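Notes for the one structure printed next.
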Number of protein chains: 2
Amino acid sequence: MAEERGRRPGNPQTRELILAAAIASFVSRGYPGTTIRGVAREAAVDPALVMHFFGNKDGLFDAAIKKSMPVALLAESFEGDEDHLAERLVTRYLELWESPSHGPTLAAVLHSASATPAAADLLKELMREELLTPLAGRLSHDHPEIRGLLAASQLIGVAMMRYILKVDPLASMPAHLVAATVTPAIQRYLTGELSLEEITGAATAR
Amino acid sequence: MAEERGRRPGNPQTRELILAAAIASFVSRGYPGTTIRGVAREAAVDPALVMHFFGNKDGLFDAAIKKSMPVALLAESFEGDEDHLAERLVTRYLELWESPSHGPTLAAVLHSASATPAAADLLKELMREELLTPLAGRLSHDHPEIRGLLAASQLIGVAMMRYILKVDPLASMPAHLVAATVTPAIQRYLTGELSLEEITGAATAR
């Protein structure tokens, strides 16, 4: 590759260039359709350099979702009083899905995670570290991890129906009405009475 | 194919044989990994015969999910009083996902639908005809289609977290506790106050 001569392999700009190509590929071709070789071609670098930076395809996917998933923007909504936590969380979550810059990334990651176990594991790890653990840390009621997961299950379900499967009328309803209907359900998961007394620690101790 | 000589092409048993091979393939290889040729090989018939019965891969997937998805078993839970509809629905839904005969099929269909737009369209059509429309028909409150979809969004979200992504502690909690926590949210969607007055028919008239 004569045109690569001036570029120092291994420098940070090259890494960013590869990562941008990887994100574009995961978004447009999904996890199964993305290859180290294809990303290298897009970034105009040698495949060995992609492996040097990211190890393998899983490493590349992991770096791509960490770079592109708006987890920090979502986690910002955790700040504030607990009684309006669901309202802030749902509003921000729907804003991110509706945003032209974040929506396609979220869809690509959810697609990849439901289609590929390796991608599911990477998404779970990111969700746990960056979202579920910080969220649980802000909840003052019993079984905060289960509460956070129940909230997440409703949020993921709305995204599946509205943005992935695109089922009408849920897909075409204004976002603020979707938020108004699901917020009370999510607030109940976060701070309401959930009849979880039966769980003594067997499940949560894992 | 000399061993096929005694089998009459086009008879119903041959169709069932092909369909069984197709279901097995969609469950084990997913939608992208399933081919007309591969299914024909598994069923020991000519690929032309698969096309004769099912037209193309979408037709095969459509027939496979109609044959294997336990929609009738789920729809049975709609029968009975509206005040306990969510309880019956959630209990039956989790029973189906936990069942060794239906769980893998449900997972395969949800995988396929989140990974492939064509599969998503077929699942949506089946959901609408066999589940959402009959469910909405049993609801006595305003905006029954939206109510049914919101309930479906929570059910799909639970399946994603518990059976597809398998996030603990939600994945390892006893099913009856999961049911106890999500049932009130779903009952609210079906029969509660949802602040949907703003929707005048613009979204529901589609």
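Everything numeric in this text was worked out from a predicted model, so none of it was measured.
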Query - Under 4.5 Å from a heavy atom of chain B, the part of A/Arg128 involved - result: side chain

Query raised in the report: Just how far is it from atom OG1 of B/Thr181 to atom CZ of A/Arg147, taken to the nearest 0.5 Å?
Result: 10.0 Å

Report task. Answer with side chain, backbone, both or neither: which region of B/Tyr31 has an atom nearer than 4.5 Å to a non-hydrogen atom of chain A? Result -> neither

Query raised in the report: Less than 4.5 Å apart, any side-chain heavy atom of A/Gln154 and any of B/Ser153?
Result: yes

Requested in this report: Sort B/Val182 into side chain, backbone, both or neither according to what part of it lies under 4.5 angstrom from a heavy atom of chain A.
Outcome: both

Query raised in the report: What residue in B/Leu165, B/Leu170, B/Leu155, B/Leu110 has the most heavy-atom pairs under 4.5 Å with chain A?
Result: B/Leu165

Query raised in the report: Of the listed residues (B/Leu194, B/Ile164, B/Leu150), which shares the most heavy-atom pairs with chain A below a 4.5 Å separation?
Result: B/Leu150

**Report entry** Among the listed options A/Met160, A/Arg162, A/Glu193, A/Met127, the residue most often paired with chain B at heavy-atom distances under 4.5 Å
**Finding:** A/Met160

**Report entry** Best-contacting candidate, A/Ala152, A/Pro184, A/Gly192, against chain B by heavy atom pairs under 4.5 angstrom
**Finding:** A/Pro184

Report task. Quick one: which of B/Leu177, B/Val178, B/Val158, B/Ile156 has the most heavy-atom pairs under 4.5 Å with chain A, could you say? Result -> B/Leu177

**Report entry** Flag, side chain of B/Lys124 to backbone of A/Val167, donor-acceptor distance under 3.5 Å
**Finding:** no

Report task. Find out whether A/His143 and B/Met173 are in side-chain contact, i.e. whether some heavy atom of one side chain is under 4.5 Å from a heavy atom of the other. Result -> no

